Amino acid sequence: MNIRIQAPCPPSPSSAFSPRFHHKTPLILRRVICSSEGGSHVVLQTEGSSDVSNSSVTISKHKRTFGWSKKQSLLKQPLNKDPMPLRALLTSSTQDTSASIVNDGKIGVLLLNLGGPETLDDVQPFLFNLFADPDIIRLPRLFRFLQKPLAQFISVARAPKSKEGYASIGGGSPLRQITDAQAKELRKALYEKNVAAEVYVGMRYWHPFTEEAIEQIKKDGVNKLVVLPLYPQFSISTSGSSLRLLESIFREDEYLVNMQHTVIPSWYQREGYIKAMANLIEKELKSFDRPEKVMIFFSAHGVPLAYVEEAGDPYKAEMEECVDLIMEELERRKIDNPYTLAYQSRVGPVEWLKPYTDETIIELGEKGVKSLLAVPISFVSEHIETLEEIDVEYKELALKSGIEKWGRVPALGCEPTFILDLADAVIESLPYVGAMAVSNLEARQSLVPLGSVEELLATYDSQRRELPAPVTVWEWGWTKSAETWNGRAAMLAVLVLLFLEVSTGEGFLHQWGVLPLQLPMFP
Ligand SMILES: C=CC1=C(C)c2cc3[nH]c(cc4nc(cc5[nH]c(cc1n2)c(C)c5CCC(=O)O)C(CCC(=O)O)=C4C)c(C)c3C=C
Ligand SMILES: [Fe+2]
């Protein structure tokens with residue numbers, strides 16, 4: 001499907017980008033550019049091989065260490081160097097139409113995030129919420145009713161291991177505190193840029209739940225909402241999941257159906273974000289004796305490979321482009337260290353995005369790398385996977401593998417350049433709030449990458465395909481391998497057993513105390 005744009009491009013941003021995803025391989029990515037000069041429109045289309053899993057670790061200064069070639073160069077886009085001059089519009093008392101967009105209502109910004117257990121007792125119910133999410137495990141339609149029993153089973157089975165991790169970082173996740181601080185700083189930054197907006201935090205799997213944030217938004221009478229997932233890169237499993245939840249909340253609520261909103265789906269390509277990341281890396285490199293010798297090691301949270309290859313998740317493409325942009329920024333500063341990207345935190349035995357962080361560290365050690373700077377890249381707060389997995393597990397592995405000097409770049413948190421850039425992103429999106437309500441479909445399409453929740457979800461997942469099960473109890477998985485059908489049969493058998501167990505309240509899981517008699521619902 002090519003996108004034909006008839007409506008004039010909006011005045012800003014100067015370029016807009018949206019990968020359009022197909023669910024079948026080969027993956028086809030399309031890019032829409034709205035040129036600010038003269039309102040002209042360009043539609044680029046590129047086809048690339050679907051083989052996004054091949055990956056090899058090579059150490060060279062400029063060679064990428066993952067398998068992506070043609071697509072990547074076409075995905076390059078100029079950074080938005082020309083933030084919209086809304087400040088003047090906002091302060092003006094004689095307003096034009098753009099100005100009235102901003103002042104003509106109560107503005108809210110909804111930050112979407114994952115959420116994390118605050119105490120060890122929260123860990124199992126938090127995991128239950130995570131695994132009950134159909135964007136983490138999507139059962140075939142016929143078996144949807146088993147989602148919660150299955151989530152209960154997996155969360156109980158995984159809780160001891162997760163609890164150990166959370167215990168080692170102080171007994172809970174720091175996510176709520178950090179996200180609240182980011183919200184506060186963003187509100188301040190917006191205020192300093194003359195935009196009065198309330199900032200809300202809506203978590204997907206723990207307090208404050210998105211539902212709670214939405215209640216507050218309604219109570220406060222917000223009528224223009226900017227939805228900003230706190231994930232720089234889009235994934236079905238993160239921003240996608242939160243947007244899907246929002247979609248269902250919006251659909252059922254008359255107030256929300258009528259509330260104007262817009263969504264910023266991903267923002268890894270923003271100049272402020274890229275510069276903020278480059279600043280952190282530059283600073284951390286200076287702590288090494290020989291900074292120019294340090295391998296910059298980007299470590300992103302993984303997703304199961306099938307998300308990318310079968311469901312069309314743009315996560316990998318966005319991640320690779322993000323790394324390229326950061327490296328280009330560093331090169332402009334005359335920092336041209338070797339670098340690599342790998343994926344961490346896989347859960348269960350299905351194949352996840354490669355190369356894996358642990359295997360890559362070992363390989364780098366074998367190849368003689370002596371200094372390594374780890375850069376967490378998929379998330380903007382410290383969390384269990386930076387504080388425990390990277391700082392403890394991967395560091396230990398690196399030192400064992402022959403790497404002598406280890407460093408780690410902190411997560412962005414409330415870093416001022418970053419927060420100011422988020423504020424700019426919000427301000428730049430304000431003219432789009434409500435524009436999505438226009439009925440002309442083609443006009444809507446010209447507004448990518450900003451989009452209404454429904455519009456966005458339709459672009460990446462119109463068929464709502466089955467997603468692979470990433471967890472241990474589902475050893476067999478839904479993959480494209482020759483084992484697929486055997487696996488599905490085995491999985492069906494497990495589901496039937498589980499169903500019988502849950503419906504009768506009797507069976508081996510109850511005997512072993514894995515399943516309680518009463519299944520807790522959404523806490
Ligand atoms: C961009 C970031 C993330 C992606 C992509 C992602 C996908 C994903 N995660 C799981 C399973 C788990 N994630 C867990 C914690 C967790 N995940 C992210 C981010 C992404 N997840 C964060 C920031 C956190 C930590 C929150 C915190 O409390 O600090 C956990 C729980 C921890 C554990 O037991 O290891 C699980 C489980 C899957 C299956 C998945 C993609 C399908
Ligand atoms: Fe995760």
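It should be emphasised that the depicted structure is a prediction, and the values quoted were computed from it without experimental measurement. Ligands are counted one by one from 1 in listed order, and the atoms in each one are counted from 1 as well. The residues of the chain are indexed from 1 along the displayed sequence.
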State whether the side chain of [X] and the backbone N or O of [Y] hold a donor-acceptor pair below 3.5 Å, judged by distance alone.
| X | Y | result |
| --- | --- | --- |
| N113 | L230 | no |
| Q344 | E385 | yes |
| S242 | S239 | no |
| E318 | F234 | yes |
| R144 | L139 | yes |
| T210 | M203 | yes |

Examine the proximity of ligand 1 to [X] and report which part, side chain or backbone, both or neither, has a heavy atom under 4.0 Å away.
| X | answer |
| --- | --- |
| R158 | side chain |
| Q233 | neither |
| W352 | side chain |
| I384 | both |

Is there a polar contact, in the sense of an N or O pair closer than 3.5 Å, between S235 and ligand 1?
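By distance alone, the answer is no.
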For ligand 1, find out whether one of its N or O atoms is nearer than 3.5 Å to an N or O atom of S173.
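Right, the criterion is met.
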With the threshold set at under 4.0 angstrom, would you say [X] reaches ligand 1 through any of its heavy atoms?
| X | answer |
| --- | --- |
| P117 | yes |
| W206 | no |
| F234 | no |

Ligand-residue contact atoms, ligand 1 with [X], heavy atoms, under 4.0 Å:
| X | answer |
| --- | --- |
| F126 | 31 (C) |
| P304 | 41 (C), 42 (C) |
| F379 | 23 (C) |
| H383 | 22 (C), 23 (C), 24 (C), 25 (C), 29 (O) |
| T238 | 1 (C), 2 (C), 3 (C), 4 (C), 5 (C), 6 (C) |
| S378 | 1 (C) |
| S162 | 33 (C), 34 (O) |
| F131 | 37 (C) |

Do the side chains of K161 and E164 get close enough for a salt bridge, i.e. N-O under 4.0 angstrom?
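E164 and K161: not salt-bridged.
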One thing to verify: whether R408 and E382 come together as a salt bridge, which I'm taking to mean a side-chain N less than 4.0 angstrom from a carboxylate O.
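Judged by the 4.0 Å cut-off on N to carboxylate O distance, E382 and R408 do form a salt bridge.
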Which option, K163, H301, Q344, R204, owns the non-hydrogen atom nearest atom 6 (C) of ligand 1?
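Selected option, by shortest heavy-atom distance: H301.
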Would you tell me which option among G240, S381, S237, A306 has the nearest heavy-atom contact to atom 41 (C) of ligand 1?
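Result: the heavy atom closest to atom 41 (C) of ligand 1 is in S237.
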What orientation do F126 and Y166 show, parallel under 30°, tilted 30 to 60°, or perpendicular over 60°?
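Perpendicular: the ring planes of F126 and Y166 meet at over 60°.
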Quick check on the 6.0 Å ring-centre criterion: do Y339 and F297 meet it?
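Ring centroids of Y339 and F297 are no less than 6.0 Å from each other.
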Aromatic ring proximity, centroids under 6.0 angstrom, W352 and Y343:
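Here the rings of W352 and Y343 have centres that are no less than 6.0 Å from each other.
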Side chains of E211 and E215 in contact at under 4.5 Å (non-hydrogen atoms)
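No; the side chains remain at least 4.5 Å from each other.
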